[in-house]
Amino acid sequence: MPELPEVENVKKGLKELVINKQIKYVTVLWGNIVKDPIVETFISEIKGQRIITIERRGKFLLFVLDDYVLISHLRMEGKFRVEQSSVPLTKHTHIIFTLDTGEELRYLDVRKFGRMSLVDKNRVSLHPSLASLGPEPVCEELTVEKIRLFLSNKKRSIKSCLLDQKMVAGIGNIYADEILFASGIHPARIGESLTSTEISKLHHDIIDIMEKAVASGGTTIRTYSNAYGREGSFQQNLKVYGKAGTACVNCQTPINKIKIAQRGTHFCPNCQI
DNA sequence: TCTATTTCCTGTCGGC
DNA sequence: TGCCGACAGGAAATAG
């Protein structure tokens, strides 16, 4: 399940493989992946566009083309692969970008949850998917004050707030649990109940964990791999996610698993208060 | 305005 | 062995 660190590594891999190549045409095998515009327009407008660069914002991949930006969200299991056209398609290939080199940039997605939008280059920042995103989890953008302001009137759980892309862009279920464990904060705590000391610690741990995860190439739980098919290694650093019933690394209390905001939530009932 | 719930999807796993 | 239900979950849409 790609979160920011995984998407960042996908971006790096793809940049080496497709930059400066031209999209001759696109084949859409599962139309629901294309959110906007309508599939027919998507196909006609992307034809002939060159891939100038690839950027990332939160968990979104941005393929910067001549006149458009292709915004892609991998959601749960979306993947990009670059293959020679002679390589047979797999069952879960849904969109094929045929390049001028004879290669194909293929979008694969077992659960068909991923979404793509093709938007006018000068209207990218206005697109609803990007317009409401909060700051990136790096110290130049994410300040203690921004988190304090966001949480100041929140009646819902801190876990739900961490998953809200308006507070910080790029955090998903795995890292939300890991961050709260590092900060010693119970995931069910109400957002506005956090003290200024806790908010400072949370701010530090958000940046720290996301940076380390990026450096590790992301986390491979089930099926994530980057554009080269390589897996990440941050799963070796996980302290609570997927560890229900095993001993807490700090106090040996069994890790608990509950459901918060419809998400599996792992925490140490002794360390997190 | 804010929060909670539902929807989209299919492979995997546990229970019988 | 095979069937069935539960589960995994990000973001958008919908409901309250």
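Bear in mind that the values here come from a model prediction, so they are computed numbers and not experimental data. In the text below, chain A, chain B and the rest are named by the order of the sequence lines, each starting its count at 1.
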Colleague: For nucleotides 14-16 of chain C, give me every protein contact, N/O to N/O, under 3.5 Å, one pair per line with atom names.
Modeller:
none

Colleague: Within less than 4.0 Å of OP1 or OP2 of C/dG9, is there a side-chain N or O belonging to A/Tyr241?
Modeller: yes
Colleague: For C/dG10, does either OP1 or OP2 sit under 4.0 Å from a side-chain N or O belonging to A/Arg263?
Modeller: yes
Colleague: Measure CD1/A/Ile260 against P/C/dG9 and give the value in whole Å, please.
Modeller: 13 Å
Colleague: My understanding is that only residues two or more places apart in sequence, or in another chain, count here; which of them pass side chain to side chain contact (heavy atoms under 4.5 Å, CB included) with A/Thr93?
Modeller: A/Leu89, A/Thr90, A/Ile96, A/Arg106, A/Leu108
Colleague: Not counting sequence neighbours, which residues clear ring pair (Phe, Tyr, Trp, His ring centres under 6.0 Å) with A/His73? List them please.
Modeller: A/Phe60
Colleague: Holding to ring pair (Phe, Tyr, Trp, His ring centres under 6.0 Å), I want the full list of residues that pass it with A/Phe63, two or more places apart in sequence or in another chain.
Modeller: A/Phe80
Colleague: Sequence neighbours excluded, which residues qualify as side chain to side chain contact (heavy atoms under 4.5 Å, CB included) partners of A/Pro269?
Modeller: A/Thr253, A/Asn256, A/Phe267
Colleague: Using the test side chain to side chain donor-acceptor pair (under 3.5 Å), find all partners of A/Tyr175 that sit at least two apart in sequence or belong to another chain.
Modeller: A/Glu6, A/Thr219
Colleague: Under 4.0 Å, heavy atoms only, any strand: does A/Lys259 hit a base, just the sugar-phosphate, or nothing?
Modeller: sugar-phosphate
Colleague: What protein N or O atoms touch nucleotides 4-6 of chain C N or O atoms at under 3.5 angstrom, if any, and at what distances?
Modeller:
none

Colleague: To the nearest angstrom, how far is A/Phe113 atom CZ from C/dA12 atom P?
Modeller: 13 Å
Colleague: Test of understanding: with salt bridge (Lys or Arg N to Asp or Glu O under 4.0 Å), list the residues that count as partners of A/Lys259, not counting sequence neighbours.
Modeller: none
Colleague: Report, as yes or no, whether the 6.0 Å neighbourhood of atom NZ on A/Lys47 holds more than 12 heavy atoms from other residues, nucleotides or ligands.
Modeller: no
Colleague: Between the protein and nucleotides 1-5 of chain B, list every N/O to N/O distance that falls short of 3.5 Å.
Modeller:
unit_1 : atom_1 : unit_2   : atom_2 : d
B/dC2  : OP1    : A/Asn153 : ND2    : 3.4
B/dT3  : OP1    : A/Lys155 : N      : 2.8
B/dT3  : OP2    : A/Arg156 : NE     : 3.1

Colleague: How would you list, by chain and number, every residue that makes a salt bridge (Lys or Arg N to Asp or Glu O under 4.0 Å) with A/Asp120, sequence neighbours excluded?
Modeller: A/Arg123
Colleague: With heavy-atom distances below 4.5 Å as the criterion, would you say the side chains of A/Leu180 and A/Leu202 are in contact?
Modeller: yes
Colleague: Where the side chain of A/Arg75 is defined as all heavy atoms beyond and including C-beta, which of C/dA8, B/dG11, C/dA11 is the nearest nucleotide?
Modeller: C/dA11
Colleague: Measure the distance from CG on A/Leu133 to C1' on C/dA11 and round it to the nearest whole Å.
Modeller: 11 Å
Colleague: Which whole-number value in Å describes the distance from A/His73 NE2 to C/dG9 C1'?
Modeller: 11 Å
Colleague: A/Glu77 CD to C/dA11 P: how many Å, rounded?
Modeller: 15 Å
Colleague: Which of residues 27-42 of chain A sit near DNA chain B, with a heavy atom under 4.0 Å from it?
Modeller: A/Trp30, A/Asn32
Colleague: Output a table of donor-acceptor pairs, distance under 3.5 Å, between side-chain atoms of residues 151-158 of chain A and any protein atom two or more places apart or on a different chain; print 'none' if there are none.
Modeller:
unit_1   : atom_1 : unit_2   : atom_2 : d
A/Ser152 : OG     : A/Leu149 : O      : 2.7
A/Lys154 : NZ     : A/Phe150 : O      : 3.2
A/Lys155 : NZ     : A/Glu192 : OE1    : 3.3
A/Lys155 : NZ     : A/Glu192 : OE2    : 3.2
A/Arg156 : NH1    : A/Ser160 : OG     : 2.9
A/Arg156 : NH2    : A/Asp164 : OD2    : 2.6
A/Ser157 : OG     : A/Ser160 : N      : 3.1

